Amino acid sequence: MWLLKVALPLPLEPMSYLPPHADGRTEVLGCRVVVPWRGELRVGVVVELEEGQHKSFALREAIAYLDERPWLRPAEIEYLAQAARDSFCMVGTLLNDLLPFLEPPLLHRVRLLPEADPAVLPRGLEALAQGWQGAQGFDPKLLDYLREAGVLQEEVSEWHSRQQALVVLQEPSEKLSEKAKAAWYALRDLRQVESMAALARAAGVGVGVVKGLVDKGYIGFVEVEPAAEAVVTRSPEPLELPAIPVRLQGGRLLERIRALLAWVQSGPVLLLFPEVALLRRFQPYFPEALVLHGEMKAEERRRVWGQASQGARWVLATYQGLLLPLSWERMVVIEEAAEAYKLPGGSRAFVPRLARLRAQGLGVPIHYCSSVNSAEVWDEPAHLLPPPQPRLYLLDLRRERGWPLSGAAIALLQQVQEKNRQAVVLSARRGYSAVLRCKQCDWKAMCPNCALPLRYHKSGRLGLLQCHQCGHEEKAPDLCPSCQSDIFDPKGPGVEWLLEALAQHLPALPRYRYTAEAKDDLRPLLAGEPGVLVGTTAILRGPVLPELALVLLPYADGFILESDFRAAERYHRLLWQLADLHPHRRPLLALQTFEPAHPAHRALKDADPQGFMNLELALRHALGYPPASRMVKLEVAHPKEPVARDAILQLAAALKPKAEPGELLGPAPAPVARLRGQYVFHLLLKSSEARIQALMENLPHLRGARLRIDPDPQRFVGLLED
DNA sequence: AGCACGCCGACT
DNA sequence: GTCGGCGTGCTC
């Protein structure tokens with residue numbers, strides 16, 4: 001007896017089913033299959049065929065395969081299992097995260113098995129004796145009852161929406177009304193419209209007129225191929241390198257693209273992007289590329305999936321391309337340090353890590369292409385393009401007057417205004433907690449255990465200093481322990497505050513806001529009119545300002561002083577990305593900072609990203625942080641504080657005896673200790689890959705609170721899903 | 001993840 | 001005396 005193991009897009013391991021009795025195919029490994037699930041139908045992937053008896057409980061029968069050819073090959077199935085193990089999650093969780101478009105809408109028809117007695121039909125289902133019926137009208141629970149009794153015959157297939165368009169079919173007759181003729185000619189000029197209502201609107205007639213034309217056969221609906229998004233193609237000269245490097249760094253965006261073009265000519269090559277905005281910037285240079293990303297309709301993505309499976313020269317994709325059943329010649333991860341690579345779903349996996357695993361599984365080379373490569377790939381053979389020469393202007397906040405805009409910064413903005421140019425003002429917008437530091441001397445509140453700044457929390461009248469990494473807490477001092485002066489107000493300048501300050505100092509300079517949540521209409525700026533754009537790092541993903549002359553960070557330290565060992569690396573990369581914000585101009589990069597001597601600033605002054613990263617890596621190795629180790633975050637959340645606390649203590653107690661010194665950090669309350677009504681606690685593991693694997697084995701079953709695992713934490717603030 | 005089953009407080 | 005809260009366990 002053959003059994004199917006079916007991976008469903010649910011946080012579960014694959015489930016066993018009997019093969020559909022109506023379909024005896026055996027070459028179904030990797031095909032999508034429709035199965036009964038809790039009385040309804042779900043779509044999964046056959047990940048294993050096993051011969052044998054299943055005794056413990058009665059298995060259900062799968063209903064039908066959706067595919068002729070497999071969606072996934074054995075290579076992808078094996079990868080899925082391996083990646084799930086690596087991410088400490090269920091196979092189904094990862095399947096759901098990587099293929100959010102797996103389940104198509106279904107065409108489902110049912111009837112009573114002809115030889116069955118209609119008397120078995122429960123009330124409401126009598127129609128099933130009459131022959132094939134669409135399933136949607138019937139109670140799924142009752143249908144499942146018949147299914148289980150073995151008297152239901154079913155047909156299931158993928159539902160394809162027919163992309164229809166209204167077109168002219170025959171010449172208008174003289175008898176038609178003026179309005180009808182107008183509508184007919186309007187449609188002829190438009191060639192096609194998507195609906196009757198749209199034509200009525202376009203022609204300025206009632207829908208009834210259009211309907212009349214359809215009924216009389218002058219116009220009608222035809223199926224059309226979904227129109228591909230028009231992309232302006234560009235063909236720059238490929239930039240030949242002496243050898244193909246594992247990591248490519250530096251230069252301007254266009255130079256990196258040119259270098260890539262020189263070594264991804266034959267294909268198939270997968271280019272992985274952290275976000276759609278960046279993918280779109282590459283798209284014009286890869287005219288034949290298939291693209292796959294979350295802004296496309298699910299149906300469109302399924303179509304591209306089938307197409308890509310047949311072969312492709314280039315595929316530009318977000319993480320959704322990772323499971324494509326193609327044997328790549330090589331894979332390229334673009335901007336491998338981007339935080340957008342963190343999967344938002346249950347697996348919490350980090351795509352560059354998954355990509356490396358994928359390349360290993362296929363035995364193909366993987367490459368990384370970034371403005372500044374991540375610490376994780378730093379040791380790989382590199383080709384370094386000369387970095388863009390930034391014009392850096394450091395404003396020392398210990399000397400400058402004026403806050404949040406110093407006099408010098410206002411003067412710069414005034415010049416921008418006088419010369420009718422454009423400026424960007426960038427805010428770190430870390431709202432809820434800040435770092436406590438002295439205005440007079442260099443002292444700042446540091447954690448005694450972690451070599452990280454403590455975060456300042458307002459708790460009643462007293463300030464509380466807390467380490468978000470290890471949980472250490474102390475009371476905030478009233479006076480600076482080093483020089484006895486009063487403490488700098490630990491407020492970080494947000495976008496709103498900056499807009500106010502700009503309105504006050506430069507009322508005549510038009511202001512625009514640009515954050516992930518609120519985007520002003522930038523058309524005047526894009527048309528070249530003067531103005532200042534105030535926003536968060538969302539600006540990096542926004543359109544290019546044609547007259548950009550100044551990039552100002554009123555509180556650059558806000559980007560450095562996150563309680564996070566990766567903060568400096570991120571800040572350094574941000575500065576280089578700002579230097580490359582305009583494709584060929586070199587805007588002045590003005591930073592208001594308490595730390596003009598910060599290594600990242602020196603790196604920009606000396607145009608030497610290598611120097612900075614070497615220093616950073618030495619630090620990571622000294623402290624045992626990634627990439628010198630692997631980290632895994634365990635998170636427990638519950639609406640009741642004691643329950644959550646209890647659970648995390650249980651977990652810590654179970655791990656303590658196994659852990660060596662320094663491997664177990666915490667438990668600590670999450671930086672936002674209560675979020676969406678849940679109390680959140682963290683526990684961090686930090687050690688070698690092998691030790692992490694050992695520690696993660698047989699975690700205790702927690703009662704009460706739910707455990708979530710972040711297999712590759714990138715940022716140590718906020719809940720996992722923020 | 002969803003969903004059903006199962007034990008302890010505020011109501012007609 | 002019941003209705004309903006969500007904590008716990010299961011899904012082939």
Side-chain angles (χ1 to χ4, degrees), chain A residues 1-21 23 28-29 31-66 77 80-81 84 87-103 139-150 152 154 156 298 343-349 635-648 650-651 676-680 699-710 719-721:
Chain A
M1 167 75 85
W2 284 100
L3 297 182
L4 310 179
K5 286 261 190 191
V6 179
L8 291 160
L10 297 166
L12 300 164
E13 291 303 328
M15 296 285 169
S16 301
Y17 284 88
L18 300 169
H21 71 273
D23 192 336
V28 291
L29 191 64
C31 287
R32 288 177 306 166
V33 64
V34 181
V35 295
W37 177 262
R38 292 182 149 269
E40 312 232 303
L41 303 190
R42 293 299 298 257
V43 178
V45 177
V46 180
V47 292
E48 198 180 325
L49 279 158
E50 52 177 16
E51 199 167 10
Q53 228 64 44
H54 197 91
K55 48 239 143 239
S56 50
F57 49 86
L59 290 182
R60 306 283 318 257
E61 203 174 84
I63 295 167
Y65 304 112
L66 284 182
I77 293 169
L80 198 57
S87 309
F88 308 104
C89 69
M90 305 280 185
V91 165
T93 304
L94 202 59
L95 182 69
N96 188 235
D97 283 3
L98 293 183
L99 291 180
F101 51 92
L102 173 74
E103 289 185 274
D139 179 355
K141 287 274 176 321
L142 291 178
L143 284 180
D144 196 50
Y145 162 76
L146 294 179
R147 186 181 290 130
E148 217 167 353
L152 190 69
E154 300 183 82
V156 187
L343 291 184
S347 71
R348 330 241 146 214
E635 183 189 87
V636 147
H638 196 271
K640 292 188 185 120
E641 202 262 2
V643 178
R645 182 183 291 275
D646 242 44
I648 202 77
Q650 260 185 71
L651 203 55
R676 262 177 267 130
Q678 300 248 311
Y679 288 88
V680 188
L699 288 181
H701 179 75
L702 292 185
R703 304 190 319 112
R706 174 172 294 176
L707 169 67
R708 304 171 114 160
I709 297 169
D710 187 333
L719 249 193
L720 288 181
E721 71 261 34

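For clarity, every value in this text was computed on a predicted model and none was experimentally measured.
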Point to revise | Distance test, side-chain N/O of A/K640 to OP1/OP2 of C/dG7, below 4.0 Å | key: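 Result: yes.
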
Review point. OP1 or OP2 of B/dA1 sitting under 4.0 Å from any side-chain N/O of A/R706?
Key: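 A/R706 to B/dA1 OP1/OP2: side-chain N or O found under 4.0 Å.
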
Point to revise | Interatomic distance, A/D710 atom CG to A/C89 atom SG [nearest 0.5 angstrom] | key: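 If we round to the nearest 0.5 Å, A/D710:CG and A/C89:SG are 11.0 Å apart.
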
Check your understanding: From A/Q650 CD over to A/L707 CG, what is the distance, rounded to the nearest 0.5 angstrom?
Key ->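 The distance works out to 10.5 Å.
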
Measure the distance from [atom1] on [X] to [atom2] on [N] and round it to the nearest whole Å.
X	N	atom1	atom2	result
A/W37	B/dG2	CH2	C1'	9 Å
A/R38	B/dG2	CZ	P	11 Å
A/D144	C/dT11	CG	P	14 Å
A/L12	B/dA1	CG	C1'	8 Å
A/H638	C/dC6	NE2	P	10 Å
A/I63	C/dC12	CD1	P	12 Å
A/K141	B/dG2	NZ	P	14 Å
A/L10	C/dC12	CG	P	10 Å

**Study point:** Residues A/R147 and A/D144 bridged, charged N to O under 4.0 Å
**Key:**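 Yes, A/R147 and A/D144 are salt-bridged.
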
Check your understanding: Across the strands shown, which category fits A/R42 at heavy-atom distances under 4.0 angstrom: base, sugar-phosphate, nothing?
Key ->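 It contacts nothing in the nucleic acid.
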
Point to revise | Side chain A/Y17, main chain A/P36, donor-acceptor under 3.5 Å | key: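 Yes; judged by distance alone, with no hydrogens or angles, the pair exists.
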
